[in-house]
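Given the structure is predicted, the values throughout are model-derived calculations rather than measurements. Every heavy atom of this structure was used, including side-chain atoms; hydrogens, water molecules and symmetry mates were not.
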Amino acid sequence: MRLATFIVDRRERLGVVDSEGRLVIDLVAAEKSAARREKRPVATCFSDMLALLEAGSRGMAAARRTARTTWKRLGMGAMADGKMVFEVRRVKLAAPVPRPRKVFCLAGNYRDHIEEGGDKFQVQDAQTPRVFMKPPSTTVIGSNDAIRIPPVARAIDWEGELAVVIGRRAKGVTARQALRYVAGYPVMNDVSERKLQIRKRTKSRPKDEWFDWLNGKWLDTFAPQGPWIVTADEIRNPQTLEITTRVNGKSKQHNSTAQMLYPVAETIAYIAKIITLEPGDLISTGTVYGVGAASGTFMK
């Protein structure tokens, strides 16, 4: 199932996208229609993505039932009606989770990315994941929204990554248990300002440069996500996926998630030792070889 947040007539809606990425159904409208026909109570967990995720397995089962019933009733060659079913190309796709509680990211989760920056791979790189956070309310945007480049920015880079949406409250879980807490997977661009310097310094120390790097991750609109969430039942093993990033249609990054130093399950278990993960939290799992900084090429 492909879950999306989309906007029609300035109103945010929760939807399910068909397998071709052509049509999206409004879950609230579809559920009301199905409940009337089936003479049953209306499921109340489709107001937005967080409400659906907080409803847990019950909510996901209700979404699948409503989507399955709707697609079956519409049949082959289904058409948009502008009320319950819409063409994806004619709606605005927002970030799948527009208001996540937390956004975690990983730095240096692929050996080839570590080495392309000029660093030598060291044993510590495979011992402790490097987790940082982005402000969720100001960085998260939809996959087709504009990335805003502020006056302080000089080198805006792309980082295509697999992201993870948490579907259940998790604290102290093991890596073996961790994937049970995943609702699904979108894509994220961990946009990064590589040469951020808000004020001039007499001389930069390593800790000064580290905070410049970290602050360069926090700029507004620097976490585009989407276009939708593919639910975990369709991706049983997140370590068998291909990642490709294109800039102006030209391929810049490509690798397999099999090359992660810290697989999704291990990453979730590590973070859950530090902080409680909640439904709707996002984890972006690190980028692969091919960022712009390696060639001195940046986004305009």
Fill in: With Q253 via side chain to side chain donor-acceptor pair (under 3.5 Å) - residues at least two apart
T245, T287
Item to complete: Count the heavy atoms belonging to other residues, nucleotides or ligands that lie under 6.0 Å from CZ of R169, then report whether that count exceeds 12.
Response: no
Item to complete: Apply side chain to side chain donor-acceptor pair (under 3.5 Å) to E242 and list each qualifying residue two or more places apart in sequence or on a separate chain.
Response: H254
Item to complete: Report the residues that fulfil side chain to side chain donor-acceptor pair (under 3.5 Å) with R58, sequence neighbours left out, ordered by chain and then residue number.
Response: none
Which side-chain N or O atoms in residues 220-227 pair as donor and acceptor under 3.5 Å with protein atoms at least two apart or in another chain?
from : atom 1 : to   : atom 2 : distance (Å)
T221 : OG1    : R148 : N      : 2.9

Worksheet item: Of all residues at least two apart in sequence or in a different chain, which pass the salt bridge (charged side-chain N to carboxylate O under 4.0 Å, His left out) check with K252?
Response: none
Practice prompt. If you link ILVMFWY side chains whenever their heavy atoms are less than 4.5 Å apart, which other residues fall into the same cluster as L196? By chain and number, please.
Written response: V152, I198
All N/O donor-acceptor pairs, side-chain side in residues 137-147, below 3.5 Å, sequence neighbours left out:
from : atom 1 : to   : atom 2 : distance (Å)
T139 : OG1    : P135 : O      : 2.6
D145 : OD1    : K92  : NZ     : 2.4
D145 : OD2    : G142 : N      : 2.8

Show me the donor-acceptor pairs, under 3.5 Å and distance only, between side chains in residues 23-36 and residues at least two apart or in other chains.
from : atom 1 : to  : atom 2 : distance (Å)
D26  : OD1    : V28 : N      : 3.0
D26  : OD1    : A29 : N      : 3.4
D26  : OD2    : R13 : NH1    : 3.0
E31  : OE1    : R40 : NH2    : 3.2
E31  : OE1    : T66 : OG1    : 2.6
E31  : OE2    : R40 : NH1    : 2.6
E31  : OE2    : A43 : N      : 2.8
S33  : OG     : R37 : NH1    : 2.8

Fill in: Hydrophobic cluster of V291, others only, ordered by chain and residue number, side-chain cut-off 4.5 Å
none
Practice prompt. Please list, chain by chain and in numerical order, all residues satisfying ring-ring contact (aromatic ring centres under 6.0 Å, His included) with F86, sequence neighbours excluded.
Written response: F6
Worksheet item: Residues two or more places apart in sequence or in another chain: which of them pass side chain to side chain donor-acceptor pair (under 3.5 Å) with R65?
Response: none
Worksheet item: For F132, what residues pass the ring-ring contact (aromatic ring centres under 6.0 Å, His included) criterion, not counting sequence neighbours?
Response: W213
